[in-house]
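Written out below as structure tokens is the structure these notes cover.
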Amino acid sequence: MSKVSMIGKITCKDGQSEAMEAVFADMTEASKEEPGAEIYSYHRADENTYWFFALMSSQEAMQAHGQTDAMKKAMAAFGALMTAPPEMTMTVPVSAKGFSL
């Protein structure tokens with residue numbers, strides 16, 4: 001069983017960064033209760049661009065995360081705030097400092 005990670009870019013509409021960050025805070029809080037969620041973080045690049053990084057203990061944990069009520073609620077909230085769908089890429093970590101593989 002390999003750990004999996006997701007890296008993504010999310011761009012929000014002008015003037016929506018505060019609302020977007022509130023959605024991110026809700027998602028991060030909800031992830032604390034998810035089995036297998038090891039790292040779950042959002043990072044601001046500029047006024048409207050954010051990067052997402054998650055590390056899950058397994059592919060099954062990642063799939064379960066996408067089906068939670070919190071994720072469904074967040075995706076509904078994201079829709080009105082984003083300029084386009086998020087650009088997400090699933091990866092498998094191969095080398096790291098700060099967490100075990």
Kindly state whether the ring of His65 and the ring of Tyr40 have centres lying under 6.0 angstrom apart.
yes

So which heavy atom on Ser95 is nearest to which on Leu101, and how close?
N-CD1, 3.6 Å

Search all heavy atoms of Ala37 against all heavy atoms of Ser31 and return the closest pair with its distance.
CB-O, 3.7 Å

Nearest atoms (heavy-atom pairs only) where Gly36 meets Ala61:
CA-CB, 4.0 Å

Looking at Ser41 and Phe53, would you say the former's side chain and the latter's main chain have a donor-acceptor pair under 3.5 Å?
yes

Stepwise side chain to side chain contact (heavy atoms under 4.5 Å, CB included) test for Ser17 and Glu47
CA-CA 7 Å; Ser17 60; Glu47 185 66 27; 3.3 Å; yes

For the residue pair Asn48 and Gly15, what are the closest heavy atoms and their distance?
OD1-N, 4.4 Å

Hey, quick one: are Val94 and Phe99 part of the same hydrophobic cluster, counting side-chain heavy atoms closer than 4.5 Å, chains of contacts allowed?
no

For the side chain of Lys3 and the backbone of Ser100, is there at least one donor-acceptor N/O pair under 3.5 Å apart?
yes

Does Gln59 reach the side chain of Met90, with side-chain heavy atoms less than 4.5 Å apart?
yes

Only pairs at least two apart or in different chains count here, so list each ring-ring contact (aromatic ring centres under 6.0 Å, His included) that has a residue in residues 71-96.
Phe24-Phe78

Less than 4.5 Å apart, side chain to side chain, heavy atoms only: is that true for Ile7 and Thr91?
yes

Heavy-atom side-chain contact between Glu34 and Thr68 under 4.5 Å
yes

Test side chain to side chain contact (heavy atoms under 4.5 Å, CB included) on Ile10 and Met88 and set out the steps.
CA-CA 9 Å; Ile10 302 166; Met88 297 289 179; 3.9 Å; yes

Is the gap between the ring centers of Tyr42 and Phe52 under 6.0 Å?
yes

To the nearest 0.5 Å, how far apart are CE in Met20 and OH in Tyr50?
7.5 Å

So which atom in Glu38 and which in Ser57 form the shortest heavy-atom distance, rounded to 0.1 Å?
OE2-CB, 3.4 Å

Between Lys73 and Met27, is any pair of side-chain heavy atoms under 4.5 Å apart?
no

For the residue pair Pro93 and Leu55, what are the closest heavy atoms and their distance?
CG-CD1, 3.8 Å

What pairs meet the salt bridge (charged side-chain N to carboxylate O under 4.0 Å, His left out) rule with one or both residues in residues 4-27, with sequence neighbours excluded?
Glu21-Arg44

Do you see a donor-acceptor pair shorter than 3.5 Å between the side chains of Thr83 and Thr11?
no

Looking at Asp46, I want to see if its CG is surrounded by more than 12 non-hydrogen atoms of other residues, nucleotides or ligands under 6.0 Å.
yes

